[in-house]
Amino acid sequence: MTSTKCEERARVKSQFPKTRARGPKMGAEALPVTANSNNCCSGGEAPLVLGLQASALVDHVARVDWSLLDQLPGERGGSIPVAIEELEHILGEVKTHIISSPDDSLPMKTIAGGSVANTIRGLSAGFGISCGIIGACGDDEQGQLFVSNMSSHAVSLSRLRMKKGPTAQCVCLVDALGNRTMRPCLSSAVKLHPQADDLTRADFKGCKWLLLRYGIINLEVIQAAIRIAKQEGLFVSMDLASFEMVRNFRSPLLQLLESGGIDLCFANEDEATELLRCTEGEQKADPEAALEFLAKHCRWAVVTLGPNGCIAKHGKEIVRVPAIGKANAVDATGAGDLFASGFLYGLVKGLSLEECCKVGSCSGGSVIRSLGGEVTPENWQWMYKQMQTKGLSLPDIPK
């Protein structure tokens with residue numbers, strides 16, 4: 001972590017009392033990216049939370065006008081894979097459709113991305129939970145950027161494999177209302193292959209949680225990771241990814257849920273209702289019914305409702321918590337990912353279900369106040385103030 005980030009953390013945290021003992025500290029190295037390196041980092045103490053992202057991903061996030069979104073195939077607000085030529089075409093078009101804002105120093109941000117990366121970066125940077133990522137990145141400029149960004153936020157990269165080839169990319173287009181449309185390019189990117197021994201029990205040993213995101217192209221990796229995680233006694237958390245993913249690849253998703261290997265499931269309202277619509281019919285497709293369906297298969301089930309907050313169930317307990325920060329929404333990118341950061345922090349610290357949702361609401365609200373899925377130091381400070389106002393114990397951030 002750079003001295004600037006350390007000083008900023010210390011400045012932010014100096015305004016708040018320490019109320020909880022922190023989890024084990026996990027440092028990270030800023031590493032050179034070389035084509036011959038198989039493992040990006042040296043080993044070390046096992047992180048408490050391990051994120052599985054089969055392909056490292058770089059996000060290009062920009063606020064654009066409606067006319068560009070109208071040109072793209074697929075539904076607005078969704079996520080549809082594209083080839084590298086299409087991604088480059090969209091990036092070229094962004095230059096003429098970009099909407100500048102006085103709130104952002106740069107009209108486009110290029111940062112390490114992906115749902116899992118966003119969540120574990122938030123857990124590490126904002127909550128001081130030791131985190132690592134297991135995946136593969138390419139030996140290109142995008143791979144270097146991913147490594148630099150994640151390591152600067154103290155995420156362990158000792159399980160990140162370096163491979164020859166391109167790193168995955170995604171264009172995140174944000175409209176004037178803060179809603180985002182994503183077009184990822186994943187097909188040609190390097191990724192983990194379980195049959196190539198890219199996943200071993202040693203990677204999971206000592207960790208407590210495995211975080212993953214549902215995706216059909218990585219289904220074998222997901223299945224292998226869940227199997228190993230359960231052998232090593234880890235809890236498994238899964239995000240449902242997108243309503244298109246649920247709609248188009250329902251059967252494998254149901255098999256994962258019914259296997260009993262998923263302990264915690266996060267779904268937004270669109271994903272949850274799409275899942276239920278596909279399984280039980282149109283008449284029952286509402287968030288509350290979807291929550292009940294997920295809770296049949298998972299110990300914890302959470303459905304986020306955007307500006308209407310969230311609902312969650314654990315055992316017989318059901319809670320509903322309002323959203324925070326709606327009036328200041330700039331970009332919805334990463335809202336669900338950072339909600340997961342806060343919720344998981346609550347579980348790790350033994351908070352109640354309602355408190356977990358409240359922390360998640362605070363952290364989800366922090367990321368929507370600026371462009372991209374990375375929370376700024378100023379918005380972490382905003383989050384701590386929100387937590388303090390609600391009587392929530394503040395994280396003890398390693399300095």
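By the 4.5 Å heavy-atom criterion applied to side chains, V116 and D239 are not counted as neighbours. By the 4.5 Å heavy-atom criterion applied to side chains, T273 and P287 are counted as neighbours. Side-chain contact between L48 and C131 is absent, with no heavy-atom pair separated by less than 4.5 Å. D139 has its side chain within reach of M162: a pair of non-hydrogen atoms, C-beta onward, lies under 4.5 Å apart. Side-chain contact between L256 and Q223 is present, with at least one heavy-atom pair separated by less than 4.5 Å. Looking only at side-chain heavy atoms (C-beta outward), K390 and I324 come within less than 4.5 Å of each other. With a 4.5 Å cut-off on side-chain heavy atoms, M387 and P395 count as touching. In this structure, the side chains of M238 and L257 come closer than 4.5 Å at one or more pairs of heavy atoms.
Salt-bridge annotation for K358 and E354: present, with a side-chain N of the basic residue lying under 4.0 Å from a carboxylate O of the acidic one. The pair D203-R161 counts as a salt bridge, with a side-chain nitrogen and a carboxylate oxygen less than 4.0 angstrom apart. Salt-bridge formation is not detected for the pair R247/E244: no Lys NZ or Arg NE/NH1/NH2 atom is positioned less than 4.0 Å from an Asp or Glu carboxylate oxygen. One finds a salt bridge joining E232 and R201 here, because a Lys/Arg side-chain nitrogen approaches an Asp/Glu carboxylate oxygen to under 4.0 Å.
With C185 as reference, I84 is the one residue of L57, V58, I84 to meet the side chain to side chain contact (heavy atoms under 4.5 Å, CB included) rule. Among L234, T119, V155, L211, the one residue that satisfies the side chain to side chain contact (heavy atoms under 4.5 Å, CB included) test with V49 is L211.
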Side chain to side chain contact (heavy atoms under 4.5 Å, CB included) between L305 and R320, intermediate numbers included: CA-CA 10 Å; L305 306 172; R320 179 182 289 268; 3.4 Å; yes
Could you go through V174 and N179, starting from their C-alpha distance and side-chain angles, then the distance that decides it, and tell me whether this counts as side chain to side chain contact (heavy atoms under 4.5 Å, CB included)? CA-CA 5 Å; V174 184; N179 301 313; over 6 Å; no
Determine, step by step, whether I120 and M150 satisfy the side chain to side chain contact (heavy atoms under 4.5 Å, CB included) criterion, reporting the C-alpha distance in whole Å, the side-chain angles of both residues, the deciding distance to 0.1 Å, and the verdict. CA-CA 9 Å; I120 63 171; M150 297 302 287; 4.0 Å; yes
Using the side chain to side chain contact (heavy atoms under 4.5 Å, CB included) rule, take L91 and V171 through it: C-alpha gap first, then chi angles, then the decisive distance, then the call. CA-CA 7 Å; L91 286 175; V171 180; 3.8 Å; yes
Side chain to side chain donor-acceptor pair (under 3.5 Å) for R121 and N149? Distances and angles first, verdict last. CA-CA 9 Å; R121 179 174 55 205; N149 181 254; 2.6 Å; yes
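Remark: the backbone N or O of P184 is not paired with any side-chain donor or acceptor of Q169 at under 3.5 angstrom. Checked by atom type and distance alone, the side chain of Y214 never pairs as donor or acceptor with a backbone atom of S242 at under 3.5 Å. The closest donor-acceptor contact from the side chain of S124 to the backbone of H153 lies under 3.5 Å. A donor-acceptor contact shorter than 3.5 Å links the side chain of R213 to the backbone of A241. Judged by distance alone, the side chain of S259 and the main-chain N or O of G261 form a donor-acceptor pair under 3.5 Å. No donor-acceptor distance shorter than 3.5 angstrom exists from the side chain of H314 to the backbone of L353, with no hydrogens or angles considered. Using a distance-only test at 3.5 Å, with no hydrogens or angles considered, no donor-acceptor pair links the side chain of N379 to the main chain of V367. Judged by distance alone, with hydrogens and angles left aside, the side-chain atoms of S55 form a donor-acceptor pair with the main-chain N or O of V190 at under 3.5 Å. Of the possible donor and acceptor atoms, none in the side chain of Y345 sits under 3.5 Å from a partner among the backbone N and O of G122. Remark: side-chain polar atoms of S148 are not paired, donor with acceptor, to backbone N or O of L145 under 3.5 angstrom.
A chain of hydrophobic side-chain contacts below 4.5 Å, direct or via other Ile, Leu, Val, Met, Phe, Trp or Tyr residues, connects I226 to L192. Placement of L186 and F249 within a single hydrophobic cluster is found when ILVMFWY residues are connected by side-chain heavy-atom separations under 4.5 Å, directly or transitively. Linking Ile, Leu, Val, Met, Phe, Trp and Tyr whenever their side-chain heavy atoms come within less than 4.5 Å leaves V321 and W382 in two separate clusters. Linking Ile, Leu, Val, Met, Phe, Trp and Tyr whenever their side-chain heavy atoms come within less than 4.5 Å leaves M245 and M182 in two separate clusters. Linking Ile, Leu, Val, Met, Phe, Trp and Tyr whenever their side-chain heavy atoms come within less than 4.5 Å leaves L276 and F243 in two separate clusters.
By the 30° and 60° cut-offs, the orientation of the rings of F343 relative to F266 is perpendicular.
Between L157 and S151, the closest heavy-atom pair is CD1-CB, 4.0 Å. Closest approach of F127 to G342, counting heavy atoms only: CZ-CA, 3.7 Å. Minimum interatomic distance between I98 and A62 (heavy atoms only, all atoms of both residues): CD1-CB, 4.1 Å. Nearest heavy atoms, G113 versus Q53: O-NE2, 3.0 Å. Nearest heavy-atom pair across P73 and R183 is O-NH2, 2.7 Å.
The number of heavy-atom neighbours closer than 6.0 Å to CD of E292, taken from other residues, nucleotides and ligands shown, is above 12. Heavy atoms of other residues, nucleotides or ligands lying less than 6.0 angstrom from NZ of K230 number more than 12. Heavy atoms from other residues, nucleotides or ligands lying under 6.0 Å from CD of Q71 number more than 12.
Inspection of the S67 and D70 side chains reveals no N or O donor paired with an N or O acceptor under 3.5 Å. No side-chain donor from either of H297 and E258 sits under 3.5 Å from a side-chain acceptor of the other. Under the 3.5 Å distance criterion, with hydrogens and angles disregarded, a donor-acceptor pair is assigned to the side chains of E355 and S352. Side chain to side chain, H60 and T110 meet the donor-acceptor criterion of an N or O pair below 3.5 Å. Checking S115 against N118 by side-chain atom types alone, no donor-acceptor pair falls below 3.5 Å. For the residue pair H193/D198, the side-chain donor-acceptor check at 3.5 Å is not satisfied.
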